[in-house]
Every structure is written in C-alpha cells, then in structure tokens.
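Below, all heavy atoms of this structure are taken into account, side chains as well, without hydrogens, waters or symmetry copies. Chain letters run A, B, ... following the sequence lines, proteins first and then strands; every chain starts at 1.
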Amino acid sequence: MQGYNHKTIEKQWQQEWDKQKLYQTPDQVKGKKNYYVLVEFPYPSGNLHIGHWYAFAVPDIFARKKRMEGYNVLFPIGFDSFGLPAENAAIKHGINPKKWTYDNIAWMTDQIKSMGASFDWSRRIAASDPDYYKWTQWLFLKLYEKGLAYRGKAIVNWDPVDKTVLANEQVLPDGTAERSGAKVEKRELEQWFFKITDYAERLLADLDDLKWPEQIKDQQRNWIGRSEGALLKFPISNFQFPIEVFTTRPDTLFGATYMVLAPEHPLIANLESQISNWKEVEQYIEKTKSKTELQRTALEKDKTGVELKGVKAINPATKEKIPIWIADYVLMSYGTGAIMAVPAHDERDFAFAKKFKLPIRKVIKPPQLTGSGLVTDATSGIWGVVPGQNELEADVWVGEGTLVNSSDFDGLNTVEARNEITAKFGKPKIQYKLRDWLISRQRYWGAPIPIVYDPQGQPHPIPEKHLPWLLPEEVDFTPTGEPPLGKSKELKARTEKIFGKGWRSEYDTMDTFVDSSWYFLRYLDSQNDKEFSLLEKQKLWMPIDRYSGGAEHTTMHVLYSRFFYKALFDLDLATHKEPYVQRFNRGIILGEDGRKMSKRWGNVVDPDKQVAEVGADSVRMYLAFIGPYNEAGAYPWSTKGLIGMRRFLDKVFRFSSFSPSPLTGEGGRRPDEGGSSIHKLIKRITSDIEAFKFNTAIAAFMEFLNENKQMSKENWEDFLRLLAPFAPHLTEELWRQLGHKTSIHKEPWPKFDPKLVKEETVTIAVQVSGKLRGTIIVDAGTSEDKVKQKALAEANVKRHLEGKKITKVIFVKDKLINFVVK
RNA sequence: GCCCGGGUGGUGGAACGGUAUACACGACAGACUUAAAAUCUGUUGCCUGCAAGGGCUUGAGAGUUCGAAUCUCUCCCCGGGCACCA
C-alpha cells in the first residue's frame with residue numbers, strides 16, 4: 001500500500017474538528033487581532049459545482065494560515081437562498097420553493113463540509129430565513145425613511161401569454177419569451193427603486209483610496225460612467241417650453257443643425273397640435289415601443305427617425321431655426337432624452353444626417369491641419385458644408401481642435417470654448433450612466449417589500465413590530481397575470497386584519513441583490529433578534545480584510561453592497577465608508593476540453609466524484625495549483641494534474657513514515673545539517689499565501705521535497721505546519737502520528753530566521769556583452785574584484801574575450817558580472 | 001467602437017530590468033515485475049555538433065539599456081467588461 005487512505009483520514013478528522021468546535025470564532029480573543037476573510041455566499045442550486053470548491057476551498061488556505069499566524073479569523077458561510085430557480089422548479093415540477101431550497105441547503109451543507117474548510121458554521125445564515133429577511137425588510141424601511149427608497153414608473157418585460165413579468169434573461173434575443181414563446185411586450189409599472197445615483201459621486205471618488213486591483217476599479221468607474229458637460233436650452237418657436245439637452249461638447253453648439261428627441265420624450269405629446277405629420281410620428285413611437293432593448297440597440301448604425309414637421313427649434317447660438325426629429329438612437333434614460341445634433345463632430349449624428357440629408361456644419365478645426373495651409377477657406381467645400389450640399393464628402397472630427405464658424409468664439413481651443421459657451425448659453429452638468437437600482441421583482445421567492453397601500457393606493461411602511469412581514473406559504477404559481485403574492489388569501493387577511501379593510505400589501509418582492517448587500521454584517525451577529533448587526537460587533541470586524549468572489553459580480557453585487565454600506569454608514573448603522581479593504585476576483589475552472597463546463601458538452605467535473613477518488617486535500621491543492629488565484633483567468637481542469645497532486649501527497653505520506661518515531665526513536669533520518677533550507681521555504685510559503693499565489697507556494701513544497709531526502713524532526717514538523725492550510729486532513733493525521741495530542745491547526749505559523757534565509761553560496765552569471773558565457777559559484781557577498789578574477793579565469797569566458805577590449809564591467813552583487821567588449 | 005487584461009515548450013503555468021522555460025502534466029528511456037499498474041531513476045524549447053561548444057527562441061516589428069518576457073511606440077491575435085450613454 002503506497003498511498004494513504006483519504007476516506008478514513010478525512011472523515012475522521014472532519015468529525016473531530018467538528019466535535020472540538022475548532023473553527024468556531026469568538027467575537028474577540030484577548031491578545032489576538034480580528035481578521036475577516038469573506039467569500040461570496042452560494043446560491044443553493046442543489047449540487048456543488050467544482051467552481052464552489054474553487055471559491056471556498058482555496059481561500060480557506062489563506063484563512064487557515066492567518067489563524068495560525070495568531071489572528072482571530074472569521075471565515076463565515078451562508079446561503080443566498082432567495083431567487084428565481086426555486087420558483088421555476090415550483091412552476092415546472094410543482095415543488096414547493098421553500099422545500100426545494102431547504103433540501104438543497106441541507107445537501108449542499110454536507111458537500112461543503114467535505115472540503116474540510118474552516119468555516120464557522122455556528123454563524124451560518126440563509127437569506128430566506130425569516131430571521132434574516134426580517135432585517136432585509138427593516139433595512140429597506142431605514143432607506144425608505146431616509147428617502148433612498150422610492151416608487152417610480154419603470155418599463156418591464158410583459159409576457160402576454162403567461163401574463164407575467166419576465167426578467168431580462170428570460171427574454172430571447174429575438175424578443176420572444178423563453179418559456180411561452182410569446183412576443184414580449186413592454187409595460188410601464190410602478191416599481192420600487194433605491195437611489196444609488198445619489199451616491200454616484202462617492203462610489204466613484206472613494207474607489208481611489210481602495211487597494212483593489214485597478215481592473216476592478218476601472219470596471220466600476222466605467223459602470224458609473226461619469227461625464228462632464230453642459231445643459232443647454234433650445235427654444236421652440238411658438239411654444240412656451242424649450243428643449244433641454246445634455247452635451248459633453250458645448251463647444252460644438254454652433255454646429256448643431258438639428259435636434260433629436262427620444263421617441264418617449266414627454267414633450268412630443270404637448271406638441272401634437274403643431275405637428276403636421278402626427279400620424280407618421282405616432283406610428284414611429286408605436287414601433288419603438290414594440291422593440292425590445294436588444295432589438296433597439298442591435299440595429300447599431302442603421303438609424304431610423306421621423307421629423308416633427310411644423311415645429312422648429314432655435315439654436316441659441318446661431319438663432320437659426322433648426323428641424324426637430326425623433327429617433328430611437330436617442331435614449332430617454334440618459335441625460336434629458338434629447339440631444340443637439342452636431343453631425344460634423346459626432347459619428348452618430350453624422351450617420352443620421354447623411355441618411356436624412358440634414359445639414360452638416362463644421363465648427364472645429366482639427367489640430368493636425370493647423371498651419372498646414374491646406375484647409376483654411378470655409379467656402380472651399382471641405383470646411384463648413386452648406387445646407388443642402390451635404391452629400392459632398394465630409395468627414396467627422398470628434399477630437400479636440402480650434403473653433404471656427406462660431407462667431408465670437410472662433411480661434412478658441414475646444415477645451416476653453418466648452419467653459420465659455422457653457423457659461424453663456426447654459427450651465428455645467430455632471431451626468432452619470434449609473435441608473436437607480438430597481439429592486440421590485442414581480443416574483444414569489446424573495447423578501448416581501450414591507451409596504452402596504454391604503455384604500456386610496458397610497459404606500460405606507462409596515463411598522464417594525466410587524467416584521468418579519470412573512471412571505472405567505474400557500475401560494476398558487478399558475479401564471480395568470482396576477483402577481484403570486486396577490487393570490488394569497490392569507491396575506492390579504494393578514495393585511496386587512498392589521499391595517500383595516502381595503503388595505504393591501506405590496507405584492508412585489510425584493511431583488512436578491514438586496515439580500516446580498518448586507519449579509520456580511522449579519523455574520524457578525526447572526527443570532528441577534530433585536531438588531532440587524534450590533535454596532536459594537538461591527539467595530540470588532542469591519543471592514544472586511546479580504547473579499548474573494550466571482551468577476552461577474554464586479555459591477556452589480558460589489559457596487560450595490562458598497563452603496564448599501566455607505567447608506568448605512570450615513571444612517572449610523574455602519575462603522576466605515578467602505579466595506580471591503582481588499583477585493584479579489586477569482587478565475588473560472590473550464591472543462592477538460594478547455595470549454596466552459598456545461599451539460600451540453602458533457603465536460604462537467606463532479607467534485608464529489610473527484611473527492612471520492614483522490615480525497616479533498618488533493619482536490620483543494622490541485623485547484624490551488626492550477627493557476628494564480630489573484631488573477632481572474634480561465635483554467636482548464638485536468639484529471640491527470642489532479643492525480644499528480646495526489647502523487648505529491650502520497651510522497652508526503654511516505655516521507656513521513658520514515659521519520660523517527662518519538663516513542664521508539666527509530667527512523668532513517670539524520671538531523672538536518674544545513675538547517676537553513678526550511679527557513680527559505682517558510683519565507684516563500686508565507687509571502688506566496690499572503691499574495692494569493694498558492695500555485696507557486698505549492699511548487700515550493702514540491703521543490704523542497706525533491707531536494708531534501710532527509711530531514712530533522714524539527715524541520716519535518718515545520719514542513720507539516722506550512723502544509724497544514726493546504727492539506728488540512730493529511731497533515732493533521734501525520735501530525736498526530738508524530739505523537740501530538742492537539743490539532744496541527746492550533747499550531748503557530750513557523751517563523752523564519754532572516755539570517756538563515758540568506759544563501760551561503762551563490763551562482764553568478766558571467767556575461768560577455770550581455771551574453772551568458774558561464775557561471776561561477778562564490779560565497780555570498782563576494783566583492784567585485786574577486787568575482788572578476790574568478791570569472792576571467794573561466795575557459796569559455798577567456799575564449800570570448802580573446803582579442804577584445806573590455807570597455808566596461810557591470811557587476812550586480814550575488815547575481816552577475818557582465819564584461820562589455822569592443 | 002470604448003475601457004481593461006493577456007499572448008512564454010506538446011499542455012497548465014514560473015521568472016524584483018540581471019542565468020527564460022521553476023513546479024506540474026504529458027512524452028521518451030531505464031530499474032523493479034512473468035506482465036501490467038504503482039513506484040523509483042534519467043532525458044525532454046528549437047537548430048547544429050562525436051564532444052567542448054555555438055546559434056536561435058517569450059505573438060510581429062522597431063526603440064530605450066551593458067543587459068528586455070518584463071519599460072516605450074506601432075501592428076496582429078485572444079479573453080473580459082461596456083456599448084447609439086450625446
């Protein structure tokens with residue numbers, strides 16, 4: 001028997017750790033600093049995926065190492081257990097979503113426990129527990145009081161066959177419903193929003209101080225999408241209200257030759273009596289409504305639009321009357337829903353102007369042409385295209401330059417002109433792409449929004465004493481057009497009993513991103529039924545030291561939870577400005593064929609099966625070895641590689657059996673004579689784990705074992721301590737075999753002696769004109785002169801220096817010597 | 001189109017501007033075995049040479065430097081995010 005029996009070992013030690021409550025984390029331990037390691041809590045989909053292992057078992061290495069270093073480490077776990085799949089299972093198979101969810105949680109809990117991760121299960125939470133969502137509702141009410149939760153109209157996807165609202169993912173690219181196949185319509189419904197846009201500036205500015213990977217910060221910046229520009233007003237002839245536009249290029253105002261309104265723009269209806277082609281306009285608006293967001297944007301450059309005939313706008317700078325169009329390339333949801341079109345300096349406006357033969361006027365001279373003498377004359381046909389003659393080849397210049405055809409502003413550069421034109425014709429405005437967070441879901445399996453409506457339809461918050469506002473249990477899921485909660489007799493009776501006849505509860509539930517926006521605070525005080533998370537406890541743990549999760553959550557979950565936390569901070573319900581000190585996005589594990597794991601490809605790796613074959617320690621370590629964990633790469637699974645890792649652990653196991661028994665003193669190992677090598681290993685492992693570079697740490701273990709055929713008991717014990725976070729079961733077993741009565745996981749992290757880390761001898765590269773011609777071995781710290789002497793004595797170096805003159809010698813201590821020759 | 005990452009052996013990947021290809025997988029050869037598996041040992045970037053050695057090599061091309069996978073510029077390709085955002 002060459003290998004070890006992982007089945008017995010792993011089960012035995014997991015039970016033992018559980019019995020000893022080894023990973024239960026007290027709020028405070030005297031003399032220990034608190035350290036919070038967080039992984040995103042999983043959705044209880046029903047079965048553990050290899051990705052879950054990657055997400056939990058690898059950061060566990062880090063958590064364990066921190067614990068051994070003497071920190072009081074919180075490494076909690078829970079379930080993000082509200083959401084659509086439970087409800088789909090209910091509709092499809094008639095299973096109760098609650099039963100489905102909690103069965104999954106029970107099953108997955110066992111699966112997660114098989115990892116041997118050091119989670120503190122005593123703090124476990126589940127978003128769908130009334131104990132939990134009570135506080136989700138309570139926090140909603142806090143935001144509502146603060147004016148950060150409001151009701152507004154929003155357009156939703158409506159399935160006319162199933163008579164239900166669909167999530168965007170349930171609408172196929174061709175605009176039909178995934179389930180019913182019906183053509184999805186748009187409906188405007190009253191929805192609840194969180195005012196995340198109020199925090200746009202802080203969400204953006206505070207990124208600067210975070211020590212996160214720039215990539216993640218950039219993605220958030222992009223998503224927030226800050227633009228500086230101006231609001232400008234264009235009067236409409238014979239009409240009292242002007243059209244207001246947002247533009248980032250007020251400097252091009254003199255080139256605005258027409259205007260475009262989004263088809264949904266409210267002004268259009270007010271202008272009906274003046275519009276001579278109203279029928280055509282109406283048709284266009286109808287057509288726009290029937291398009292899905294995807295269809296509307298998929299058409300890309302092929303622009304459509306209709307002129308509002310009979311009305312004109314006035315360019316405030318040139319006083320010219322310019323036509324007004326409506327077109328769906330202008331979005332109601334950004335800026336003011338209207339634009340001034342400057343076809344000479346905007347590619348979209350240019351394409352539109354060409355198609356509909358609208359005038360193009362150049363007002364910016366590109367810097368390249370300055371002084372070239374090529375183009376100076378506005379009548380030459382190259383500068384400033386006369387209305388009606390825009391078929392002439394004319395290019396778009398969207399860059400900076402010098403103003404022309406702009407009356408008093410001629411000659412100014414675009415940057416100056418932006419300020420001056422804004423000052424004269426409008427006012428500065430900062431615009432964000434970020435929209436308010438729509439949290440209403442016309443769904444069952446979520447936290448009910450704690451709002452009731454009086455008989456007049458006015459919303460009222462549900463008083464705190466009625467929380468949790470329970471999700472009704474017996475609900476009919478047959479899609480009928482009525483929201484599931486609207487069909488609950490119990491909910492109706494409950495509402496009327498508490499609030500009075502004619503009152504009704506809100507039927508929508510909250511987006512699950514609300515649940516996950518504060519879960520990390522509940523772990524700190526998971527049993528508290530008086531507070532969502534005691535501030536005193538938050539002070540002990542927040543902010544989170546390391547947060548590791550999927551790259552797909554960068555712009556949604558991470559941004560939402562930052563917003564939530566900031567809002568709580570403003571309400572004195574949180575202790576810091578930012579929740580996460582460090583955030584890492586992990587990569588993904590691909591199938592053995594290099595494709596994304598999918599039933600379709602038959603390349604799904606089942607972790608349970610792998611664990612049964614080679615054990616949890618091998619799976620953990622293989623995943624840690626597959627690539628750098630601090631980069632969000634995509635790594636293909638390799639069963640051969642996994643077996644290779646098992647081979648390494650078997651080697652560790654066999655190595656141990658040669659060690660001297662503390663009882664008998666027998667064993668084939670001599671005391672380590674060098675004594676320094678383990679110190680180098682300690683140094684490497686320590687810094688690699690800290691940097692989340694588990695792959696190179698494991699390589700270091702392998703090298704060490706390859707190089708050291710024998711080892712002192714002390715060094716061997718240090719080796720096991722270092723390996724303990726990676727292979728917690730095997731190291732525990734070997735540790736106990738050495739006679740120790742307490743767990744290796746309670747051992748202190750080995751320390752290295754800086755003096756012993758230094759190499760005694762070093763290999764120095766000898767180069768001639770930058771090319772390697774030999775190596776010499778010298779004592780560390782040998783002076784330039786001595787190295788030079790020895791290097792020049794090398795035969796091969798001599799040969800290359802033959803007949804050449806050394807013009808320069810570059811010496812890098814303990815590294816290299818380079819003779820530059822002529 | 002815009003914003004980020006990347007491009008290194010047959011494969012996953014290592015390399016503070018200083019000996020490129022650590023570690024692992026795979027492959028090949030040998031030992032053990034009746035045999036296979038397992039294990040152990042050795043070889044393994046490419047070209048050339050009996051050997052010592054020499055030449056080439058980090059997507060392509062240029063530049064900076066005594067010295068570049070690493071820094072700069074141009075281009076090509078791959079991945080991720082955003083996208084008619086005015």
Does NZ in A:K788 sit with more than 12 non-hydrogen atoms of other residues, nucleotides or ligands closer than 6.0 Å? no
With P as the reference atom in both, quote the distance from B:rG5 to B:rC71 in angstrom, rounded to an integer. 11 Å
Can the ring centres of A:F692 and A:F584 be said to be less than 6.0 Å apart? yes
Using 30° and 60° as the class limits, which term best fits the ring planes of A:Y547 and A:Y580: parallel, tilted or perpendicular? tilted
Contacts of A:Q219 and A:A765 projected onto RNA chain B by closest heavy atom; the upstream (5') one is A:A765
Does a nitrogen or oxygen in the side chain of A:K771 sit under 4.0 Å from OP1 or OP2 of B:rC56? yes
Between B:rU21 and B:rU70 - C1' atom distance, rounded Å: 15 Å
Syn or anti for B:rG30 (syn when the glycosidic angle lies within 90° of 0): anti
Give the rounded distance in Å between these two atoms: CG of A:L623 and P of B:rC23. 22 Å
Using only heavy-atom distances, determine whether the side chains of A:D688 and A:T696 contain a donor-acceptor pair under 3.5 Å. yes
Rounded P spacing from B:rC75 to B:rC66 in Å: 28 Å
Expressed in whole Å, how much space separates the P atoms belonging to B:rG9 and B:rG61? 15 Å
Answer yes if the ring centres of A:F352 and A:Y329 are under 6.0 angstrom apart, and no otherwise. yes
Closest to the A:M702 side chain, choosing from B:rU19, B:rU39, B:rA24: B:rA24
Does a nitrogen or oxygen in the side chain of A:R647 sit under 4.0 Å from OP1 or OP2 of B:rG26? yes
Taking atom NZ of A:K355 as the centre, report whether more than 12 heavy atoms of other residues, nucleotides or ligands fall under 6.0 Å from it. yes
B:rA24 C1' sits how many Å from A:L705 CG, rounded? 14 Å
For A:N706 and B:rU39, what is the distance between atoms CG and P respectively, to the nearest whole Å? 14 Å
Flag for A:Q219-A:T555: side-chain donor and acceptor within less than 3.5 Å: no
Does the gap between the ring centers of A:F356 and A:Y258 come in under 6.0 Å? no
Interatomic distance, A:W325 CH2 vs B:rA86 C1' [rounded to whole Å]: 18 Å
A:T197 and A:D436: side-chain donor and acceptor closer than 3.5 Å? yes
Touch check for A:D349, heavy atoms < 4.0 angstrom, all strands: base, sugar-phosphate only, or nothing? nothing
Check every strand shown and say whether A:T763 touches a base, only sugar-phosphate, or nothing at a heavy-atom separation below 4.0 Å. base
Between C1' of B:rA86 and CG of A:L253, the distance in whole Å: 14 Å
Within the distance-only criterion (no hydrogens, no angle test), does the side chain of A:D346 pair as donor or acceptor with the backbone N or O of A:D349 below 3.5 angstrom? yes
Tell me whether the side-chain N/O atoms of A:N796 come closer than 4.0 Å to OP1 or OP2 in B:rG54. yes
Counting any heavy atom closer than 4.0 Å, what does A:R773 reach on the DNA or RNA strands: base, sugar-phosphate only, or nothing? sugar-phosphate
Of the options B:rC40, B:rG26, B:rC84, whose atoms approach the side-chain atoms of A:K640 most closely? B:rG26
If we take the P atom in both B:rC25 and B:rC77, what is their distance in whole Å? 36 Å
Per-nucleotide protein contact along nucleotides 11-16 of chain B, 5' to 3', at a 4.0 Å heavy-atom cut-off (B base, S sugar-phosphate only, - neither), is -BSSSB
Anything under 3.5 Å between a protein N or O and an N or O of nucleotides 61-69 of chain B, put it in a table, one pair a line.
residue	atom	partner	partner atom	Å
B:rC66	O2	A:N818	ND2	2.5

If you measure from the C1' atom in B:rA69 to the same atom in B:rU58, how many Å do you get, rounded? 5 Å
Measure from NZ on A:K429 to P on B:rA86 and round the result to the nearest Å. 13 Å
Please give the distance between the C1' atoms of B:rA20 and B:rG1 as a whole number of Å. 38 Å
Spacing of the C1' atoms in B:rU65 and B:rC73 (rounded, Å): 16 Å
Checking A:Q610 against A:Y622: is there a side-chain donor and acceptor pair closer than 3.5 Å? no
Presence of A:H800 side-chain N/O under 4.0 Å of B:rG53 phosphate oxygens OP1/OP2: no
Rounded to the nearest Å, what distance is computed from the CD atom of residue A:E592 to the P atom of nucleotide B:rC25? 14 Å
Answer yes if the ring centres of A:F193 and A:W437 are under 6.0 angstrom apart, and no otherwise. no
Record whether the side chain of A:K433 comes under 3.5 Å of the base of B:rC82 through a donor-acceptor pair of N or O atoms. no
Does any donor atom in the side chain of A:N603 or A:S598 lie under 3.5 Å from an acceptor atom in the other side chain? no
Between A:T555 and A:I698, which has a closest nucleotide on RNA chain B that is more 5'? A:I698
For A:T775, which contact category applies under a 4.0 Å heavy-atom criterion: base, sugar-phosphate, or nothing? base
A:T304 and A:Y284 side chains, donor-acceptor separation under 3.5 Å: yes
Using a 3.5 Å limit on both pairing distances, list the dot-bracket string of RNA chain B from the 5' end; Watson-Crick and G-U wobble pairs count, crossing pairs take [ ], interstrand pairs take |. (((((((..(((.....[....)))((((((.......))))))((((....))))..(((((..]....))))))))))))....
In whole Å, I'd like the distance from the CD atom of A:E703 to the P atom of B:rC23. 5 Å
